[in-house]
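If you read the sequence from its start, that first residue is 1, and numbering goes on from there.
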Amino acid sequence: DADAISTPLRARAPRAGDRMRPFGLAGHKKLSDLFVDRKIPRRRRERAIVVEGETIHWVPGLATSEEGRVGPTTARVVRLKATPR
């Protein structure tokens with residue numbers, strides 16, 4: 001939902017202590033815990049991309065935030081695409 005996310009969006013590497021609120025989760029979760037839960041190898045964690053505005057909105061291949069969830073009142077959407085190098 002383009003109207004629910006903060007802009008401008010920017011891509012960056014994960015930082016220690018990063019947290020987000022993934023779809024379907026009531027609270028926040030540390031990215032490091034998400035990586036471990038999904039069994040993402042450490043070498044891939046270091047190369048991961050985090051897309052953020054005021055909060056983390058998307059980690060490609062891992063999670064999308066609850067804040068930008070598309071719903072019945074959504075008028076505009078943001079479509080992001082990540083391609084491996």
### Message
Ignoring hydrogens, what is the shortest heavy-atom contact between Glu67 and Ala4? Give both atom names and the distance.
### Response
O-CB, 3.2 Å

#### Entry: Close side-chain approach of Val59 and Leu34, heavy atoms under 4.5 Å
no

### Query
Would you say Arg69's side chain and Phe23's backbone share a donor-acceptor pair under 3.5 angstrom?
no

### Task
Identify the two heavy atoms, one from Gly53 and one from Leu9, that lie closest to each other, and give their separation to 0.1 Å.
N-CD2, 4.1 Å

### Expected output: side-chain Glu52 to main-chain Arg10 donor-acceptor under 3.5 Å
no

### Message
Rounded to the nearest 0.5 Å, what separates atom CD1 in Ile49 from atom CG in Leu62?
### Response
12.5 Å

#### Entry: His57 and Leu80, any side-chain heavy atoms less than 4.5 Å apart
no

### Summary
Correct closest heavy-atom pair for Met20 and Ala63 would be SD-CB, 3.9 Å

### Task
Over all heavy atoms of both residues, which pair between Val50 and Ala13 is shortest? Give the atoms and the distance, please.
CG2-C, 4.3 Å

### Query
Can you find a pair of side-chain heavy atoms, one from Glu66 and one from Leu25, that are under 4.5 Å apart?
no

### Message
With rounding to the nearest 0.5 angstrom, report the CZ to NZ distance, Arg19 to Lys29.
### Response
10.5 Å

### Ile56 side chain reached by Arg12 side chain, heavy atoms, under 4.5 Å
yes

